[in-house]
*Asks:* 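Dropping the structure in here first, questions after.
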Number of protein chains: 2
Amino acid sequence: MPATIRDVAKASGVHVSTVSRAFSAPQLVNAETRAHVLAAAEVLGYRPNRAARALITGRTHNIGLIVADIANPFFPPLIKAAESHARGRDYHVFVADTNEDPGVEEELVLALAKQVDGVLLCSPRMSNTQIEQLSREVPLVVVNRPVPGLPAVVMDVAQGARLAVEHLVGLGHREIALLGGPRGSWTNREIRRAATLAARNAGAELVVLGPNAPTEESGSAQAEAVLRAGVSAVLAYNDLMAVGLIDALDHRGVKVPDQISVVGIDDTALSRRTRPMLTTVATPTAAAGRAAVDMLLQHGDDRRTTALVTLQTELVIRDSSGPGPHRTAGPGRRQQPPLDGVASESRE
Amino acid sequence: MPATIRDVAKASGVHVSTVSRAFSAPQLVNAETRAHVLAAAEVLGYRPNRAARALITGRTHNIGLIVADIANPFFPPLIKAAESHARGRDYHVFVADTNEDPGVEEELVLALAKQVDGVLLCSPRMSNTQIEQLSREVPLVVVNRPVPGLPAVVMDVAQGARLAVEHLVGLGHREIALLGGPRGSWTNREIRRAATLAARNAGAELVVLGPNAPTEESGSAQAEAVLRAGVSAVLAYNDLMAVGLIDALDHRGVKVPDQISVVGIDDTALSRRTRPMLTTVATPTAAAGRAAVDMLLQHGDDRRTTALVTLQTELVIRDSSGPGPHRTAGPGRRQQPPLDGVASESRE
DNA sequence: AGTTCTGCTGCAAACGTTTGTAGTCGCATG
DNA sequence: CATGCGACTACAAACGTTTGCAGCAGAACT
């Protein structure tokens with residue numbers, strides 16, 4: 001049986017309340033007494049039971065982290081950063097995977113609600129109203145999607161998509177395909193909007209293929225459609241799809257970037273490992289994880305705070321994008337990425 | 001304020017104990033009453049507080065999952081499988097990352113101990129005695145390492161390493177380097193032992209380079225040493241290191257597999273994405289995650305059970321391994337992998 | 001000397017559950 | 001008619017903490 005606070009009290013000849021205070025309110029207890037208590041606790045191997053503490057304080061010192069797919073390389077860096085950041089603040093993290101299923105999302109938030117002080121909801125697929133409803137059960141911070149009335153951290157993928165399109169147009173591409181992401185994804189809508197606008201402004205045509213599951217397989221599956229569309233460049237919803245597409249094109253003998261340029265989004269670890277190395281939009285996932293944890297712990301109980309943190313993205317030009325058919329005497333092959341850093345704005 | 005069992009009791013005009021039983025012991029309560037209670041609970045949005053329940057039952061319905069590095073592509077599939085399997089059995093999962101630090105490992109187990117019914121310790125770097133000591137605080141299942149007296153699930157990497165070496169020797173390689181993994185890793189010792197033996201039996205020489213951190217960077221860093229060693233083939237501790245090595249060799253203009261063959265271990269997602277695609281030893285990580293959860297939940301409280309589950313590995317031959325300098329009229333390029341499946345043995 | 005203050009500690013209630021025990025009722029049994 | 005039983009429900013203690021309140025000693029005021 002593990003030692004309880006009562007064992008420590010008995011062993012050190014004081015009342016349990018004194019033991020409790022020795023740990024959680026040191027200034028209220030005599031230094032000598034405290035030393036005694038701590039010593040007794042040490043030899044008994046006493047560790048406070050956080051669940052019992054939570055029962056009375058209302059704070060569990062746990063947080064929930066819900067992602068669409070742990071195995072999607074986009075998430076591990078975020079999970080890792082969030083977990084380590086949280087632990088640094090003495091919080092433990094439940095991690096759960098929804099398999100991209102909105103129903104599971106809701107069930108998970110509800111199931112976790114009583115056990116955590118808040119939940120980080122990453123790339124949710126539910127509707128805004130559902131999310132708002134859930135936020136009445138437990139404090140929520142949404143990642144990768146702004147929800148009116150809730151704290152959120154998002155990446156400026158619109159800027160990233162714009163940069164990517166401008167990059168492609170600058171290389172001489174006039175017909176570009178957008179490999180769309182999953183239905184219900186805010187990021188996907190954002191990319192689509194920005195890419196469409198950027199293409200129009202630059203005098204290029206954008207054809208949208210999708211929606212698609214955000215997987216490698218689904219990227220491969222769209223190869224035919226890309227070829228039929230007759231475009232010379234593709235912007236994919238994420239690196240995974242870009243990689244799948246490149247593979248499938250390769251199998252068909254289509255050269256990247258010579259015949260078709262491909263640009264991904266996320267700059268996951270694998271973008272540096274493909275041949276050709278992937279040109280992609282870097283999203284600061286680790287920073288997002290940390291920021292989300294900070295927001296959750298900051299706002300404590302006032303659930304209706306509406307801070308929105310926007311993280312900047314940048315274009316990373318590698319080898320999967322090259323000159324297109326309409327190449328003029330354009331700019332040099334390499335292009336300076338924009339300033340990086342974090343912009344944080346609060347809107348009331 | 002969330003509804004408590006007392007609110008439900010009040011609303012349905014029965015005692016709290018009846019409400020409790022309506023949920024956890026339906027056969028003890030009149031069907032009609034039960035329906036009443038459930039209805040009241042429904043409208044109040046009542047969900048039992050698992051922490052409070054845990055306080056009295058002693059079972060939290062949570063488990064801990066401790067891994068060396070979430071971002072290491074070896075782990076996400078394991079985490080995903082374990083989490084989903086556990087949730088199917090109504091368990092939630094704390095995930096934590098030790099950054100390959102044995103001290104953090106211990107601290108984490110202790111910190112989690114009171115909040116979970118057991119901990120899955122994956123690829124621990126601590127000593128066996130430390131682990132045994134910790135197992136007195138909380139039920140433990142060790143993954144990727146057998147610990148005497150504790151339940152564990154391991155992969156038969158020895159078999160994998162042997163197959164890999166035999167594969168290389170069969171291709172005509174006589175001098176092979178082993179890119180060692182991290183100090184303290186049982187898997188590493190196992191690979192080393194099996195590879196050395198297999199090389200000796202096949203009349204080849206094995207030079208061991210390491211120990212090394214199990215990262216891509218460290219694989220790259222060993223490229224010089226590999227070249228100096230004058231070997232024609234390399235077996236790496238894991239895919240990550242293999243990929244790093246291939247990259248570094250590529251930068252030096254060394255062709256893989258033409259000049260040097262490289263074989264990895266783990267068959268992570270990236271092994272199919274590198275060029276050339278990586279020959280590697282597939283380890284059933286998802287199955288390991290599920291098996292570990294099963295063992296933990298099965299054994300419940302009798303902590304000193306000593307079951308050992310061994311999962312088979314298999315060699316996946318792709319493009320990073322090719323003919324070596326001593327090629328004779330050997331077997332065909334493709335080689336049949338061994339039967340897969342799960343072997344489970346109990347040793348008392 | 002009496003009063004107030006300060007620093008410390010003990011008491012007991014509370015948090016939301018579960019569960020052993022005891023009680024009530026109706027009914028069949030002896 | 002008393003007894004026993006079965007089905008159900010209420011009571012209350014317990015789990016390991018925290019925390020408002022009260023108590024008490026001694027010091028420092030008036």
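Proteins get letters first, then strands, A, B, ... in listed order; numbering begins at 1 in each.
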*Asks:* What string of B, S and - do you get for nucleotides 16-25 of chain C 5' to 3' if you count protein non-hydrogen atoms under 4.0 Å?
*Replies:* BBBBB-----
*Asks:* Can you check the A:Glu32 CD to C:dT9 C1' distance for me, whole Å?
*Replies:* 14 Å
*Asks:* For a 4.5 angstrom cut-off between non-hydrogen side-chain atoms, does B:Asp294 reach B:Arg89?
*Replies:* yes
*Asks:* Write down the distance between CG (A:Asn30) and C1' (C:dG10), rounded to a whole number of angstrom.
*Replies:* 15 Å
*Asks:* Give me the ring orientation class for A:His61 and A:Tyr91: parallel if the planes are under 30° apart, tilted from 30 to 60°, perpendicular past 60°.
*Replies:* parallel
*Asks:* What's the CG-C1' distance between B:Leu28 and D:dT9, to the nearest Å?
*Replies:*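 Whole-Å distance recorded here is 11 Å.
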*Asks:* Does a sphere of radius 6.0 Å around NE2 in B:His85 hold more than 12 heavy atoms from other residues, nucleotides or ligands, not counting ones at 6.0 Å or beyond?
*Replies:* yes
*Asks:* Using the test side chain to side chain donor-acceptor pair (under 3.5 Å), find all partners of A:Asp101 that sit at least two apart in sequence or belong to another chain.
*Replies:* none
*Asks:* Determine, stepwise, if the pair A:Ile5 / A:Ser20 fulfils side-chain contact (heavy atoms from CB on, under 4.5 Å).
*Replies:* CA-CA 7 Å; A:Ile5 201 175; A:Ser20 173; 3.7 Å; yes
